[in-house]
Amino acid sequence: MTIHRLLRAIIIGAPGSGKGTISTRIVKDFDVKHLSSGDLLRKQVQEKTEYGVQAKRYMDSGQLVPDKLMLGLFMHELNALSDHSWLLDGFPRTVEQATALYKSQDIEVVLNLRIPFDVIIDRIKGRWTHPGSGRIYHVDFNPPKVPFKDDVTGEPLIQRDDDKEETVKARLDHYRRLTHPVLQYFSNKGLVEEFSGTESNEIWPRVHKALSQVVVPKQYTHYE
């Protein structure tokens, strides 16, 4: 890959894959604008833009925001970032969105984080939350001082429905079905770089090296 001044990238990863951690490090080291579909939708809804008003109707009724509307929302945002590097997160979600994006933007790379699903399930199902404050504990990585009790108040911790094993499995299955066609589309274009592992600290140096072949990082960190 040749060196370019601007980075046009997409990051794909299952819930609990560490995608947020990797994205934060990309933003810091490569000076990119991180565009998350969820954040962008909330911003448009709060500001009551034309796209936000339309999207809210679907969101309020529990429906997915249609392809055409999501495309319009993202294209509007990307057109305003013509002189900036960016990283898309949560978009595109369908082959239709991917096709339209590919035709209108010079995508450099699609980063696919491949974390074994059993690792993700173990990681998420170990989370326990203090409902009053939102403090999050993990039975292995950040256990409370007293099992299943909040460190500050001593009140019982709960496991959110989203963190229960059966829910996590269902979300991962949905993710697999949703993203496979999109990944296949970009793979056929020769754009997908895959990063396998179980921890963000293990994957990050490889992500950094791959992106450094596309654009010079704002700050350089040496990795073995």
Please examine the side chains of [Y] and [X], heavy atoms only from C-beta on, and report whether any two atoms are closer than 4.5 Å.
{"X": "L73", "Y": "L40", "answer": "yes"}
{"X": "Q105", "Y": "N79", "answer": "yes"}
{"X": "R171", "Y": "D162", "answer": "yes"}
{"X": "Y185", "Y": "K189", "answer": "yes"}
{"X": "F195", "Y": "R114", "answer": "no"}
{"X": "V215", "Y": "V32", "answer": "no"}
{"X": "P143", "Y": "F148", "answer": "no"}
{"X": "I10", "Y": "L101", "answer": "yes"}

Testing the basics here: between [X] and [Y], what is the closest heavy-atom pair and its distance to 0.1 Å?
{"X": "M75", "Y": "S104", "result": "CE-OG, 3.1 Å"}
{"X": "Q44", "Y": "E77", "result": "NE2-OE1, 3.7 Å"}
{"X": "G52", "Y": "V45", "result": "O-CG2, 3.7 Å"}
{"X": "A14", "Y": "F117", "result": "CB-CE1, 4.1 Å"}
{"X": "G90", "Y": "S37", "result": "O-OG, 3.4 Å"}
{"X": "L113", "Y": "S17", "result": "CD1-OG, 4.2 Å"}

Carboxylate-amine/guanidinium proximity below 4.0 Å for [X] and [Y]:
{"X": "D163", "Y": "R127", "answer": "yes"}
{"X": "D39", "Y": "K43", "answer": "no"}
{"X": "K125", "Y": "D122", "answer": "yes"}

Rounded to the nearest 0.5 Å, how far apart are [atom1] of [X] and [atom2] of [Y]?
{"X": "E193", "Y": "I11", "atom1": "CD", "atom2": "CD1", "answer": "12.5 Å"}
{"X": "N188", "Y": "Y102", "atom1": "CG", "atom2": "OH", "answer": "10.5 Å"}
{"X": "K68", "Y": "Q97", "atom1": "NZ", "atom2": "CD", "answer": "13.5 Å"}
{"X": "T129", "Y": "D150", "atom1": "OG1", "atom2": "CG", "answer": "10.5 Å"}
{"X": "L172", "Y": "I124", "atom1": "CG", "atom2": "CD1", "answer": "6.5 Å"}
{"X": "R93", "Y": "I12", "atom1": "CZ", "atom2": "CD1", "answer": "10.0 Å"}

Could you check whether [Y] and [X], counting side-chain N and O atoms only, form a donor-acceptor pair closer than 3.5 Å?
{"X": "T167", "Y": "D161", "value": "no"}
{"X": "R25", "Y": "N201", "value": "yes"}
{"X": "E47", "Y": "T49", "value": "no"}

Shared hydrophobic cluster for [X] and [Y] (ILVMFWY, side-chain gaps under 4.5 Å):
{"X": "V95", "Y": "V65", "value": "yes"}
{"X": "I115", "Y": "L178", "value": "no"}
{"X": "V53", "Y": "L69", "value": "no"}
{"X": "I120", "Y": "V139", "value": "no"}
{"X": "L81", "Y": "L87", "value": "yes"}

Problem - Test side chain to side chain contact (heavy atoms under 4.5 Å, CB included) applied to L111 and D89, I26, I203, L191, the passing residue - result: I26

Quick check: does any side chain N or O of [X] sit under 3.5 Å from a backbone N or O of [Y], one acting as donor and the other as acceptor?
{"X": "S85", "Y": "L7", "value": "yes"}
{"X": "S82", "Y": "L78", "value": "no"}
{"X": "H138", "Y": "R123", "value": "yes"}
{"X": "D151", "Y": "P144", "value": "no"}

Exercise for the section: Dump the intermediate steps for side chain to side chain contact (heavy atoms under 4.5 Å, CB included) on E108 and L211, then the final yes or no. Expected result: CA-CA 9 Å; E108 295 285 352; L211 292 180; over 6 Å; no

Problem - Heavy atoms from other residues, nucleotides or ligands near CG of D106 exceed 12 (cutoff 6.0 Å) - result: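 Atom CG in D106 is not crowded, with 12 or fewer foreign heavy atoms closer than 6.0 Å.
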
Exercise for the section: Would you indicate whether L64, at its atom CG, is surrounded by more than 12 heavy atoms from other residues, nucleotides or ligands within a distance under 6.0 Å? Expected result: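 Check fails, neighbour count at 12 or below.
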
Problem - Trace of the side chain to side chain contact (heavy atoms under 4.5 Å, CB included) decision for H76 with Y51 - result: CA-CA 10 Å; H76 176 75; Y51 293 113; 3.8 Å; yes

Practice task
Could you walk me through whether E155 and K149 pass side chain to side chain contact (heavy atoms under 4.5 Å, CB included), step by step?
Solution key: CA-CA 5 Å; E155 294 170 344; K149 300 286 186 181; over 6 Å; no

Handout entry: Parallel, tilted or perpendicular, as decided by the 30° and 60° cut-offs, for the rings of F30 and W204
Key = perpendicular

Exercise for the section: Please lay out, stage by stage, how E165 and V168 fare under the test side chain to side chain contact (heavy atoms under 4.5 Å, CB included). Expected result: CA-CA 5 Å; E165 184 170 356; V168 177; 5.7 Å; no

